[in-house]
Protein chains: 2
Amino acid sequence: MFAEHGFRAATVRQICDRAGANVAAINYHFRDKETLYGEVVRYASARVVETYPFDPKPKGATPELRLRALVRNYLMRFFDPNLAWYGKLICRELAEPTDFFEEIVESDVRHYADQLTEAVKEFLGDEISSERLRMCSNSVAGQCLLYPYTRLILARLYPDDVITTDFIDRLVEHITQFSIAGLRGTRKRAAGKRRRISRTNGRPSASQILKTNRSSARPPD
Amino acid sequence: MFAEHGFRAATVRQICDRAGANVAAINYHFRDKETLYGEVVRYASARVVETYPFDPKPKGATPELRLRALVRNYLMRFFDPNLAWYGKLICRELAEPTDFFEEIVESDVRHYADQLTEAVKEFLGDEISSERLRMCSNSVAGQCLLYPYTRLILARLYPDDVITTDFIDRLVEHITQFSIAGLRGTRKRAAGKRRRISRTNGRPSASQILKTNRSSARPPD
DNA sequence: AGCTCCTTCAAACAGCCGCTTGACTTTTTT
DNA sequence: AAAAAAGTCAAGCGGCTGTTTGAAGGAGCT
């Protein structure tokens, strides 16, 4: 229910109805709705990590095999039918974190991100700047996460597309090859990189922080 | 309020408080909360498209310039301080569509996607298969959308990173170069592509549809 | 001035929300 | 078998939700 409707929209009455239990059961077995949600989130995260571990091909594998395995994990995490609702729940937390999100990031997301960064580093070498490394790692992650995140949009844009196991296979292959080519291109370019000159004839313009919190740039009243 | 808290969580009382209006004003000027939200969504979408049009460099530009301009638009749509709340609202709709989302997809998202596909096609040639074209286009879009989508996650993973105009500049450059290298790599590979053989000695295994709706694969009771 | 039309307002409405209560049944322990 | 603990249940609580009401204000007109 939480995965399908979100924390707020999933009511304790609906949850208990589906579970065949009385509404008071939630407050008896768990303290309240929020604590129950916390347990669900923790359980979901554990099952996902259990089935798709952080580093599926740690030792003795070529960089390409490691990257491919990581890409497959990133995707299967969200499309494995047995873990579909887990994936949706995590996805919901990624898009709109609750109080339990910090916990998920630290115990789950960060490990995935680190493993991906490590795998990417094997293509770029150790001298790469941390910013560029992160951008590259994000480029791979973004390609994977687009599909679960914008699932409903893609379904509407391309109604005929159905996600099958074969499609996932082809997608893993595409993202892996696209990324490897991208990484190699980036490495080459980073080596012979020229200093970018801002438009105001030579003098670099002041960098402006782009705030996105509520204090800035409200809609017109 | 809708952008910050979502449709459900933003209450009419909060909205009217901030607007300095009476709660009945919503039902007088608009019919109800949902209609108001529809107007807001439509307005937000219009402002975004107005400021960052679908195809910023349509004619007489090299493929690279077109792609770079599109990438910049994809990012600025969500990080422009003047349009930050617009971006969040659209982002929220992308992650969890309401009844008004179909309208947004058809009047907004689809055009962006089509323009990106067109720009990508210039790198791949016309003989490319529609699936591969879509995958490539999605690879570019995914790299851009990761940043607004997982804004809060990235902020937690890398607390020191601050998004500045300079960072956006470098990011646009990275995604453009990464994508071009990826596209060229894909083109090369697509030309000399070998038929993939499934593991079950030669005979292709049956492709399984991965359903992600509620009817399949529920959590344990 | 009187009149009409548009707009604002405090108050209240019905409905759903998470949560609690106290009586009841079932299971476990002594 | 008696006592204690654990679990279930219908009913109801206060609080918040979107929406409605009927009265009051105010600008522009003849």
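What you see below is based on every heavy atom in this structure, not just the backbone, and it leaves out hydrogens, waters and symmetry mates. The sequence lines fix the lettering, A, B, ..., with proteins before strands; numbering per chain opens at 1.
- Take Thr51(A) and apply the side-chain hydrogen bond (donor to acceptor under 3.5 Å, both in side chains) test, not counting sequence neighbours, and it matches no residue.
- Seen from the ring of Phe78(B), Lys88(B) does not count as a face-on cation partner, given the 6.0 Å and 45° thresholds.
- Of all nucleotides in DNA chain C, those with any atom nearer than 4.0 Å to a heavy atom of chain A start and finish, going 5' to 3', at dC17(C) to dT21(C).
- To the nearest 0.5 Å, atom CD1 of residue Ile163(A) and atom CD of residue Gln208(B) are 13.0 Å apart.
- Atom pair Arg13(A):CZ and dC9(D):P shows a separation of 15 Å (rounding to whole Å applied).
- Shown for residues 24-36 of chain A: residues whose heavy atoms fall under 4.0 angstrom of DNA chain D, namely Ala24(A), Tyr28(A), His29(A).
- In this structure Asp32(B) satisfies the side-chain hydrogen bond (donor to acceptor under 3.5 Å, both in side chains) test together with Thr35(B), sequence neighbours excluded.
- Judged as a side-chain contact (heavy atoms from CB on, under 4.5 Å), and not counting sequence neighbours, the contacts of Val40(B) are Phe2(B), Leu36(B), Trp85(B), Leu89(B).
- Nucleotides of DNA chain C nearest to Phe7(A) and Asn22(B) differ in position, and the one nearer the 5' end is that of Asn22(B).
- Counting to the nearest Å, the C1' atom of dC16(D) and the CG atom of Asp17(B) are 14 Å from each other.
- Qualifying side-chain contact (heavy atoms from CB on, under 4.5 Å) partners for Leu65(A), counting only residues two or more places apart in sequence or in other chains: Ala61(A), Thr62(A), Arg68(A).
- With axes fitted over five pairs at each extremity, the angle between the ends of the helix from dA1(C)-dT30(D) to dT30(C)-dA1(D) is 10° (10° resolution).
- Thr176(B) is linked by a side-chain hydrogen bond (donor to acceptor under 3.5 Å, both in side chains) to nothing, counting only residues two or more places apart in sequence or in another chain.
- Ala9(A) comes within 4.0 angstrom of nothing in the nucleic acid, heavy atoms only.
- The side-chain hydrogen bond (donor to acceptor under 3.5 Å, both in side chains) test applied to Arg8(B) returns no partner, not counting sequence neighbours.
- Contacts of Glu39(B) classified as side-chain contact (heavy atoms from CB on, under 4.5 Å), with partners at least two apart in sequence or in another chain: Phe30(B), Arg42(B).
- Taking atom CD of Gln14(B) as the reference point, atom C1' of dC16(D) lies 11 Å away to the nearest angstrom.
- Residues satisfying the side-chain contact (heavy atoms from CB on, under 4.5 Å) criterion with Glu96(A), sequence neighbours excluded, are Arg92(B).
- Each ring-ring contact (aromatic ring centres under 6.0 Å, His included) pair with one or both residues in residues 131-170 of chain B, not counting sequence neighbours, appears once here: Tyr149(A)-Tyr149(B).
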